[in-house]
Asks: 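Once you've had a glance at the structure underneath, I'll fire off some questions.
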Amino acid sequence: MAATVEELYRNYGILADEKEDLSKHKDAYQAILDGVKGGPKEKRLAAQFIPKFFCSFPALADAAINAQLDLCEDEDVSIRRQAIKELPRFASGENLPRVADILTQLLQTDDSAEFNQVNTALISIFKIDAKGTLGGLFSQILQGEDIVRERAIKFLSTKLKMMPDDTMTKEVEDYIFIETKKVLEDVTGEEFVLLMRILSGLKSMQTVSGRQQLVELVVEQAFLEQALNPTDADSVDRLLQCTRQALPLFSKNVHSTRFVTYFCEFVLPNLSLLTSPVAELDIQLEVLKLLAEMGPYCGDMDKLEVNLNMLFEKLLEFMPLPPEEENGENAANEEPKLQFSYVECLLFSFHQLGKKLPDFLIDKISAEKLKDFKIRLQYFARGLQVYIRQLRVALQGKTGDALKTEENKIKVVALKITNNINVLIKDLFHNPPSYKSTVTLSWKPVQKTEAAAIGQKRQSGEDIGATATTKKLPTNLPRRDARQIYNPPSGKYSASIGNFSYERGGFRGGRGRGFGGRGNRSRGRIY
């Protein structure tokens, strides 16, 4: 039978006045527990009274938690909030993981105030016992409803970094790493990104060995032991997302070799066949940009010459020969398309790997092929010189808001790309070819010293990101010599020239592990 308001207050008084042995008033506490069966007023009082005396009645612990849980599920949102607010008071000893599990399941609420209350309660018990709270969270991540799993992962990705150092001990971080590895056995793409964000933020992962462990996790998810199906958008998406997660981890001590090797062996040969997972994404350029960014961190490679040759052949595809001449003049309407964005990436990647095999252009390819390459480089370089001069003139004297117009933003990025290509081509024209120059990729932030030099030279804001369009070089160029008339190429800039990042949700199609439909989990609440 439900207790009335008067009975609740009377029994509360009995317990509050007892100075020695509360346990002898078990009936009074039971009457308070029965308050959850009453009306709104009785429930609100019960929500406050039950946790106050909880620790004094261990024999009624389960009944008390269940009574409070009933209030957490009440139809009246104000009662739910009051009950949730008091839940951390039950989080002692062996009860804490259970309370954490309950609070994690309550993250599924659609009421914003209630949701915030649950977050606050979780943070509160996390500071009491981080490992116990994590046990409840990971239990639901591994076995709970999809909405609970999703919100529990997001809770960890946003709240862990806010926890004090004395809470996030090495033991706690080790536990997070072990449990997260279990979750990574069966995740969606979006979950993978969030989980890697969680692990990357751990102090123990900031060391060389820590970053290497994270790279190993990404390698497992990337399926680098399998050939890539270029027409499967999900497979391409998986590779892109994994590579994006691995990139910040690479350094002179943590190498990108396995990813670079995979790109050379399985991605570059199928570049034109790649199916984009996002409609507006230039998938070929995105892949080439990733390869270029990984280049500086590539270590010793087993098939260096083979992979360098693949890069070389792909570079040739995007570096056209000069148009054929008829009767001393260029054939009409045969301007080759010059894809500067692609060439910047490929030339930079070739330049990086070329350092490891500096005699490649001398001893590893035929004299005829080297001559052909230099003709292509020369044709490209001459067009670049004209375009660079035009861009500098167009941007000269422009600062601040003037550089923020769409047209000028495009020109700024175009100038960065063409300057980079120009520097790299000059290196390759040395005899023997040199690999000493350094450039900052056009979509990467400009270093301060470099930015200062650029500002003095051209007064342009070259660190501005931009989209771009197709550009044509002027046709009235001066002759290089009396025998040859130069017909400039047109230059194509990708619409995705700026840094493009994206995170898809799940991937279609089930897999044994990794990204996919996460298999069948037990459903229903397991309080």
Side-chain angles (χ1 to χ4, degrees), residues 62 65-66 68-73 80-81 83-112 114-163 167-168 172-199 201-202 505-506 513-527:
D62 284 344
I65 293 175
N66 288 332
Q68 195 76 6
L69 180 56
D70 287 340
L71 297 175
C72 290
E73 298 179 311
R80 294 203 304 271
R81 291 177 191 169
I84 292 168
K85 180 182 178 181
E86 301 291 345
L87 267 181
R89 300 179 69 172
F90 296 86
S92 58
E94 62 184 18
N95 293 317
L96 189 139
R98 183 182 178 191
V99 173
D101 192 285
I102 292 168
L103 284 169
T104 304
Q105 294 183 62
L106 292 173
L107 285 170
Q108 63 188 294
T109 179
D110 293 325
D111 181 87
S112 58
E114 187 177 345
F115 180 78
N116 292 335
Q117 192 74 62
V118 174
N119 275 266
T120 301
L122 274 170
I123 292 171
S124 175
I125 67 170
F126 199 102
K127 293 176 180 178
I128 297 172
D129 181 353
K131 196 171 177 181
T133 305
L134 287 166
L137 283 159
F138 277 108
S139 172
Q140 285 301 313
I141 290 172
L142 289 167
Q143 302 177 42
E145 299 280 354
D146 285 344
I147 183 64
V148 174
R149 174 187 171 96
E150 175 189 334
R151 293 186 180 181
I153 291 175
K154 287 183 178 178
F155 173 86
L156 291 174
S157 69
T158 56
K159 305 302 182 185
L160 283 184
K161 57 189 176 185
M162 300 164 57
M163 296 297 172
T167 299
M168 295 295 290
V172 169
E173 291 198 346
D174 289 346
Y175 182 77
I176 292 171
F177 185 80
I178 292 170
E179 293 301 306
T180 301
K181 283 186 68 175
K182 296 177 185 176
V183 180
L184 283 170
E185 293 177 3
D186 188 14
V187 291
T188 66
E190 184 179 4
E191 289 172 347
F192 172 66
V193 171
L194 290 175
L195 291 167
M196 288 303 300
R197 189 176 299 164
I198 291 168
L199 294 179
L202 300 178
R513 64 170 171 80
F515 306 147
R518 294 182 292 103
N520 292 322
R521 283 198 177 78
S522 60
R523 290 294 183 259
R525 293 174 32 197
I526 52 172
Y527 295 137

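Nothing here was measured: the structure is a model prediction, and the numbers come from that model. Computed from heavy atoms alone, side chains included, the values below leave out hydrogens, waters and symmetry copies. Numbers here simply count residues along the sequence, with the first being 1.
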Asks: Could you tell me if the side chain of Leu103 sits less than 4.5 Å from the side chain of Ile84, heavy atoms only?
Replies: yes

Asks: Out of curiosity, Glu114 CD to Thr109 OG1, how far, rounded to the nearest 0.5 Å?
Replies: 3.5 Å

Asks: Measure the SG-CD distance between Cys72 and Gln105 for me, rounded to the nearest 0.5 Å.
Replies: 11.5 Å

Asks: Could you tell me if the side chain of Met168 sits less than 4.5 Å from the side chain of Leu202, heavy atoms only?
Replies: yes

Asks: Which heavy atom of Asn119 sits nearest to which heavy atom of Lys159, and what is that distance?
Replies: OD1-CE, 3.5 Å

Asks: Would you mind checking if Arg81 and Asp111 are paired as a salt bridge, meaning a charged N to carboxylate O distance below 4.0 Å?
Replies: yes

Asks: Of all residues at least two apart in sequence or in a different chain, which pass the side-chain hydrogen bond (donor to acceptor under 3.5 Å, both in side chains) check with Arg151?
Replies: none

Asks: What distance do Ser157 atom OG and Leu194 atom CG have between them, rounded to the nearest 0.5 Å?
Replies: 4.5 Å

Asks: My understanding is that only one of Thr104, Ile153, Leu156 makes a side chain to side chain contact (heavy atoms under 4.5 Å, CB included) with Phe138; could you say which?
Replies: Leu156

Asks: Could you list the donor-acceptor pairs under 3.5 angstrom formed by side chains in residues 172-181, with sequence neighbours left out?
Replies:
| from | atom 1 | to | atom 2 | distance (Å) |
| --- | --- | --- | --- | --- |
| Glu173 | OE1 | Lys203 | N | 3.3 |
| Glu173 | OE1 | Ser204 | N | 2.8 |
| Glu173 | OE1 | Ser204 | OG | 2.8 |
| Glu173 | OE2 | Lys203 | N | 3.0 |
| Asp174 | OD2 | Lys170 | NZ | 2.9 |
| Glu179 | OE2 | Lys182 | NZ | 3.0 |
| Thr180 | OG1 | Ile176 | O | 2.6 |

Asks: I'd like to know if Arg80 and Asp70 make a salt bridge, using a cut-off of under 4.0 Å between side-chain N and carboxylate O.
Replies: no

Asks: Measure the spacing between CG of Asp101 and CG of Leu96 and express it to the nearest 0.5 Å.
Replies: 11.0 Å

Asks: With sequence neighbours left out, write down each residue that passes side-chain hydrogen bond (donor to acceptor under 3.5 Å, both in side chains) with Lys161, or none if nothing qualifies.
Replies: none

Asks: State the CG-CD distance between Leu107 and Glu145, to the nearest 0.5 angstrom.
Replies: 13.5 Å

Asks: With ring-ring contact (aromatic ring centres under 6.0 Å, His included) as the rule and sequence neighbours excluded, what pairs involving residues 83-110 come up?
Replies: Phe54-Phe90

Asks: Using a 3.5 Å cut-off and no angle test, enumerate the donor-acceptor pairs between side-chain atoms of residues 122-131 and protein atoms at least two apart in sequence or in another chain.
Replies:
| from | atom 1 | to | atom 2 | distance (Å) |
| --- | --- | --- | --- | --- |
| Asp129 | OD1 | Lys131 | N | 3.4 |
| Asp129 | OD1 | Gly132 | N | 3.0 |
| Lys131 | NZ | Glu171 | OE2 | 3.3 |

Asks: Between Lys154 and Glu150 (salt bridge meaning N to carboxylate O under 4.0 Å), is one present in this structure?
Replies: yes

Asks: Quick check against the 3.5 Å criterion: does Glu191 have a side-chain atom that pairs as donor or acceptor with the backbone of Thr188?
Replies: yes

Asks: Could you tell me which residues satisfy side-chain hydrogen bond (donor to acceptor under 3.5 Å, both in side chains) with Asn116, sequence neighbours excluded, listed by chain and number?
Replies: none

Asks: Distance-only, no hydrogens or angles: does the Asn95 side chain make a donor-acceptor pair with backbone N or O of Ala91 under 3.5 Å?
Replies: no

Asks: To the closest 0.5 Å, what do you measure between CD1 (Ile102) and CD1 (Ile65)?
Replies: 6.0 Å

